[in-house]
Amino acid sequence: GDGKGRIDFEHVSFSYEGGHGESVLKDITFSCLPGETVGIIGSTGSGKSSLVGLIPRFYDATKGTVRVDGVDVREVDPKLLREKMAIVPQKTVLFTGTVKENIRWGKDEATDEEMELAARMAQAHDFIERTPDGYQARVGQGGINFSGGQKQRLSIARALVRKPEILILDDSTSAVDVATETKIKEALREYAQGLTCLLIAQRITSVMDADKIVVLDQGELVGIGTHESLLKDCRVYQEIFQS
Ligand code: DUT
């Protein structure tokens, strides 16, 4: 397609500076086409977070090339690069302030309508409305007055209000129940068409309806394809499925 939000990994290897020199990612090649939802699955330490961290240039590849919209990310100012994307980290970061301030963080010009649509897509609108002060409710330090799953949904709303071309969810629905997670994915499909979405997950149910799934094992890409094809011919995927 000619849409924006294409990502290419070309023979990418990566090791952390000051690490043990060991490759955390080994010769990874795959593409996310504009508008695709790509799942990334693999056991803990397999390199999932490191892989997506190369896209906004939290780190740069040791070997190989990462491209966004065809351009080598090393040739792009990280600030400009990050304007195209929204990343929901594993650990949600909320600050003391209102729910509204937390969702609009980094996008102060967003209207109330835009904020509410983002919250609806993230399945956060209903629980926000149920609190006495709604969007004006105070978020305690570190978000202590919200559950883990609610905090994750607020972080997803914060990402969506930025209307990114690329959305990276790093295990951001781990504390959200499967039914609610499904609703989030359906809302994204309906309202955020054309959005390229990378979905890191531990649970197969989180990624099984993705356009394709990348399976990592100790830094190596050991499978890529749909749920059905991986169940047939990727041993690591079968093992995750059975566990
Ligand atoms: N690693 C470091 N330094 C870091 C982060 C990670 O050395 O700052 C190592 C730990 C691990 C490998 O890189 O051996 C891959 O870690 P990553 O966090 O990318 O793996 P993951 O698949 O995202 O693990 P998890 O599911 O536990 O988040």
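In listed order, ligands and their atoms are each counted from 1.
- Atoms of ligand 1 lying under 4.0 Å from at least one heavy atom of S43, given by number and element, are 22 (O).
- By the 4.0 Å N-to-carboxylate-O rule, E239 lies close enough to R235 to be salt-bridged with it.
- Taking a cut-off of under 4.0 Å to the non-hydrogen atoms of Q202, the atoms of ligand 1 that pass are 26 (O).
- Nearest non-hydrogen protein atom to atom 12 (C) of ligand 1 is V24 CG1, 3.6 Å.
- Between D77 and K79 there is no salt bridge, since none of the side-chain N atoms of the basic residue sits less than 4.0 Å from a carboxylate O of the acidic one.
- Contact check on D209 versus K185 returns a salt bridge, with a Lys/Arg side-chain nitrogen under 4.0 Å from an Asp/Glu carboxylate oxygen.
- Ion pairing between R67 and D69 fails under the 4.0 Å rule for side-chain N and carboxylate O.
- Protein heavy atom at the shortest distance from atom 22 (O) of ligand 1 is K48 NZ, 2.8 Å.
- Electrostatic pairing of D27 and K63 does not count as a salt bridge here, judged by no charged N lying under 4.0 Å from a carboxylate O.
- The aromatic rings of Y237 and H227 sit perpendicular, their planes meeting at an angle over 60°, well past the 30° parallel limit.
- Closest to atom 18 (O) of ligand 1, if we only count protein heavy atoms, is S49 CB, 3.8 Å.
- Among the atoms of G45, some N or O lies under 3.5 angstrom from an N or O of ligand 1.
- Proximity annotation for atom 3 (N) of ligand 1: of Y59, Y16, F58, Y16 comes nearest, heavy atoms only.
- Per-atom contact check: atom 10 (C) of ligand 1 does not touch the protein, criterion being a heavy-atom distance below 4.0 Å.
- Of all the heavy atoms of T44, the ones lying under 4.0 Å from any atom of ligand 1 are found in both the backbone and the side chain.
- Between E114 and K107 there is no salt bridge, since no side-chain nitrogen of the basic residue lies less than 4.0 Å from a carboxylate oxygen of the acidic one.
- Residue S50 approaches ligand 1 through these ligand atoms, each under 4.0 Å from one of its heavy atoms: 15 (C), 16 (O), 17 (P), 19 (O).
- When only non-hydrogen protein atoms are considered, atom 20 (O) of ligand 1 lies nearest to G47 N, 3.2 Å.
- In terms of protein heavy atoms, atom 28 (O) of ligand 1 is closest to Q90 NE2, 2.8 Å.
- Residues I166 and L195 fail the side-chain proximity criterion, which asks for heavy atoms closer than 4.5 Å.
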